[in-house]
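The basis for the numbers below is simple: all heavy atoms, side chains too, and nothing from hydrogens, waters or symmetry mates. Numbers here simply count residues along the sequence, with the first being 1.
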Amino acid sequence: MKILSIICILFLVLNGTCIACFISSLSNSWIYLLLNLDTIYGETAARVESRPNPDDRPKLRHLFVFGDSFGDNGNTRKPPVDPVLGSAVESEDSRQWFFPYGSFTDRRDNPTGRFSNYMVQSDLVANIMGLDVAPPAYMLTERNTWDKSGMTFAIGGSTVYHPPSNKKRVSTLRHQVDRFESLIADGTISRKHVEHSVALIAFSGNDYVTVGDAGGMSMGINDFIREVTTEIVTNVQRLQEMGVAKVLINNVPPVGCAPSQTTPNGFTRCDRGGNNYATVHNRNLKRLLKEMEDVHIIDLNSAFTNIVDGDNTEVSSFFDERLAPCCQSMDPNGYCGQLGQSDTDYRYTLCEKADKYFYWDDMNPTQAGWETVMEQLEDPIKEFLGLN
C-alpha cells in the first residue's frame, strides 16, 4: 500500500502539479492518510476477517426426544410372540405395533411403534433439522451405543407429573431425562455431542386427559397445573445443565378437541373444560420460561386450533373430518386396532382416506394432520435453531 501512496504523488507530479505546494496545502491528517494507506487498509481487513462467519457457528447435529405418543417411535415394548399362537398378541398398550398403525402405504407389515398411520411430530421436527426421521428409540438401541442422529426417549402414555393419587405406574418426563443423564454419565453419549444437540419435549397433554382416571386429585386443578408446568421447567434446566444447546417444548394442544373427549357428543364440538386446562397450562408455561435463554415453545395449541376449531382458516379446509378419528373402536371403552376372537374379527372401523382426517385415533393426528400442524410452525423453529 506504500507503493499506492507513491503512485498517487507521482501522478500529481506528472500532471504538472507542484508537489511541495500540494503537500503544504494539506492538513497533517491528510498527509498521514496518504502515507499510511497500507496500515489503515490492513487493520480494516483484519477486523473484517475476524468477524464470526454464520457458517462457523456450532452445528446442531443431534436430536434427543422426550415425551409421549407425539414423540414415541418404538419405546413402548413390542409384545413377545405367544408360543401357542405363534404370533404376538395385540393389546391396548401395544396397539401401535399392529395394523392399522403404520398403514400409510396400505400394507399390513409397516407398524413401527408410532402412534399414527406413519410419521409423528418428532419425525417432522427431525425433518426440519435435515434428518430423514426421528432418532432411534432408546429401547431399540443396543446397550452402550447410540446413533449419531440422537436418541428418542419418549414413551406413549407418559405424563409430565405423576400425582401421588395415581397408583398406575407410568413413565414421566423426569424418568426419561434420568435415562438420558445416565447415558452421559457412563460415557455412552459424550458431552461434546450434547453441546451440539437439540432437545424436543413433546407431550400431548396426558396429564389433563388422564387425571380423571386417577380417581380425582388430592389438590385443586390450578395447583395441579402449577405442578405440571414447574416440573417441565425443572427438567429443561436439567437438560441445559447437561449441556444441551437448544430446547424445543410443546405447549398443550386443545385437548378438549381430541376424539377421546368429543366421543360423547358424536364428534360435533370440542369440550371447553378440557381446553381451559390447556389454556391455563400454556399461560403458566410461557410465564415460567419467559426469562430462560435458548428455549422455544412450539405453539401446538394455535396450530391445532386453526385446524380443528377454526371454521374460517385455510388449513381447516384441508380435512373433511376434523374431530372424528380415522380409526375408531366400536366399543366406547375400546381402542383403534382392537380385535375379537380372531384376526378377522375387527372391533374397529377404518376410514378410506386417512389424509382427509386430522385425527388418526382417540388422541393422535394422522401423518397428514401432523404435516399440516408442523408446516405452520416450521419457520419459527428454523429461526430459533438458526437454520434459515
Quiz item: Going through the checks in order, is the side-chain contact (heavy atoms from CB on, under 4.5 Å) test met by F224 and Y277?
Solution: CA-CA 10 Å; F224 180 70; Y277 292 163; over 6 Å; no
Quiz item: Between M374 and I381, is a side-chain contact (heavy atoms from CB on, under 4.5 Å) present by the stated rule, with each step listed?
Solution: CA-CA 9 Å; M374 296 308 295; I381 292 175; 3.8 Å; yes
Self-check item: From CA spacing to verdict: side-chain contact (heavy atoms from CB on, under 4.5 Å), R61, K148
Solution: CA-CA 8 Å; R61 304 178 185 278; K148 292 304 183 285; over 6 Å; no
Practice problem: Let me see the working for C326 and L350 under side-chain contact (heavy atoms from CB on, under 4.5 Å), right down to the final yes or no. | Solution: CA-CA 6 Å; C326 172; L350 188 66; 4.0 Å; yes
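At least one donor-acceptor pair closer than 3.5 Å links the side chain of T145 to the backbone N or O of E142. With S103 contributing its side chain and F99 its backbone, the two residues share no donor-acceptor pair below 3.5 Å. Counting only distance, with no hydrogens or angles, the side chain of R95 and the backbone of E92 share a donor-acceptor pair below 3.5 Å. At distances below 3.5 Å, not a single donor-acceptor pair connects side-chain atoms of N251 with backbone N or O atoms of L285. Under a 3.5 Å cut-off, the side chain of T305 and the backbone N or O of S302 do not form any donor-acceptor pair. In this structure, T152 contributes its side chain and P135 its backbone to a donor-acceptor pair below 3.5 Å. A donor-acceptor pair under 3.5 Å is formed between the side chain of D207 and the backbone N or O of V160. No side-chain donor-acceptor contact under 3.5 Å links T230 to the backbone of E227.
Judged by distance alone, the side chains of D147 and S149 do bring a donor and an acceptor atom under 3.5 Å apart. Side-chain polar atoms of Q121 and N250 form a donor-acceptor pair below 3.5 angstrom. Inspection of the Q376 and N306 side chains reveals an N or O donor paired with an N or O acceptor under 3.5 Å. The closest side-chain donor-acceptor pair between N265 and T268 falls under 3.5 angstrom. Between the side chains of Y101 and D361, at least one donor-acceptor pair of N or O atoms lies under 3.5 Å. Q367 and E371 are linked by a side-chain donor-acceptor pair at a separation below 3.5 angstrom, with hydrogens and angles left out of the test.
Residues M119 and F70 are members of one and the same hydrophobic cluster, defined by side-chain heavy-atom contacts under 4.5 angstrom among Ile, Leu, Val, Met, Phe, Trp and Tyr. When hydrophobic clusters are built by joining Ile, Leu, Val, Met, Phe, Trp and Tyr residues whose side-chain heavy atoms come closer than 4.5 Å, directly or via intermediates, F115 is not grouped with Y335. Cluster membership for Y208 and I155, using ILVMFWY side-chain heavy atoms within less than 4.5 angstrom, is not shared. F153 and F203 end up in the same hydrophobic cluster when Ile, Leu, Val, Met, Phe, Trp and Tyr side chains are linked at under 4.5 Å. When the side chains of ILVMFWY residues are joined at heavy-atom separations under 4.5 Å, either directly or via intervening members, Y357 and I307 end up in two distinct hydrophobic clusters.
To the nearest 0.5 Å, atom CE of residue M151 and atom CG of residue L140 are 10.5 Å apart. If you take NZ on K59 and CG on L387, they are separated by 9.0 Å, rounding to the nearest 0.5 Å. Residue L239 holds its CG atom at 12.5 Å from CG of D294, rounded to the nearest 0.5 Å. Between N75 atom CG and Q176 atom CD the span is 7.5 Å, to the nearest 0.5 Å. With rounding to the nearest 0.5 angstrom, the CE atom of M363 is 15.0 Å from the SG atom of C336. To the nearest 0.5 Å, atoms CD (E375) and CD1 (I128) are separated by 10.0 Å.
No more than 12 heavy atoms of other residues, nucleotides or ligands sit less than 6.0 Å from atom NZ of K192. Atom CZ of F319 sits in a crowded spot, with more than 12 heavy atoms from other residues, nucleotides or ligands closer than 6.0 Å. The environment of CG in N144 is crowded: more than 12 heavy-atom neighbours from other residues, nucleotides or ligands sit within 6.0 Å. For CD of Q237, the number of neighbouring non-hydrogen atoms (other residues, nucleotides, ligands) closer than 6.0 Å is greater than 12. More than 12 heavy atoms of other residues, nucleotides or ligands sit less than 6.0 Å from atom CZ of R238.
With sequence neighbours excluded, no residue forms a ring pair (Phe, Tyr, Trp, His ring centres under 6.0 Å) with W97.
At a threshold of 4.5 Å between non-hydrogen side-chain atoms, the residues N364 and V120 do not count as touching. At least one side-chain heavy atom of Q328 sits less than 4.5 Å from a side-chain heavy atom of F267. L300 places a side-chain heavy atom less than 4.5 Å from the side chain of L377. Inter-residue side-chain proximity for P254 and D309 is flagged as unmet; no heavy-atom pair is nearer than 4.5 Å. Between R174 and T234 the shortest side-chain heavy-atom distance falls below 4.5 Å. Contact annotation: the side chain of L63 approaches that of L200 to within less than 4.5 Å [non-hydrogen atoms, C-beta and beyond]. Considering only heavy atoms from C-beta on, I189 comes within 4.5 Å of F64 through its side chain. Between V308 and L323 there is a side-chain heavy-atom pair separated by less than 4.5 Å.
Between G74 and M139, the shortest heavy-atom distance links the atoms O-CB, 4.1 Å. For the pair V236 and M292, the tightest heavy-atom approach, listed with the atom from each and the gap, is CG1-CE, 3.6 Å. In terms of heavy atoms, G102 sits closest to N110 at O-CB, 2.9 Å. S197 approaches V194 most closely through the heavy-atom pair OG-O, 2.6 Å. Contact record, V252 with A278: CG1-CB, 3.7 Å, taken as the closest heavy-atom pair. Heavy atoms only, all atoms of each residue included: G156 and D72 are closest at N-OD2, 2.9 Å.
For the side chain to side chain donor-acceptor pair (under 3.5 Å) with D68, the lone residue among N206, T159, T76 that qualifies is N206. Screening I249, V247, V177 for a side chain to side chain contact (heavy atoms under 4.5 Å, CB included) involving F66 leaves a single residue, V177.
For the pair D123 and R114, the salt-bridge criterion is met [side-chain N within less than 4.0 Å of a carboxylate O]. Classification of R226 and D223 as a salt-bridged pair holds, one side-chain N sitting under 4.0 Å from a carboxylate O. Using a cutoff of 4.0 Å between basic side-chain nitrogens and carboxylate oxygens, R143 and D186 are not scored as salt-bridged.
Cysteines C351 and C327 keep their SG atoms at least 2.5 Å away from one another.
Ring-plane geometry between Y348 and Y346 is classed as perpendicular, the angle between the planes exceeding 60 degrees on a 0 to 90 degree scale with a lower cut at 30. Under the 30°/60° scheme for interplanar angles, the aromatic rings of F358 and F304 are found to stand perpendicular.
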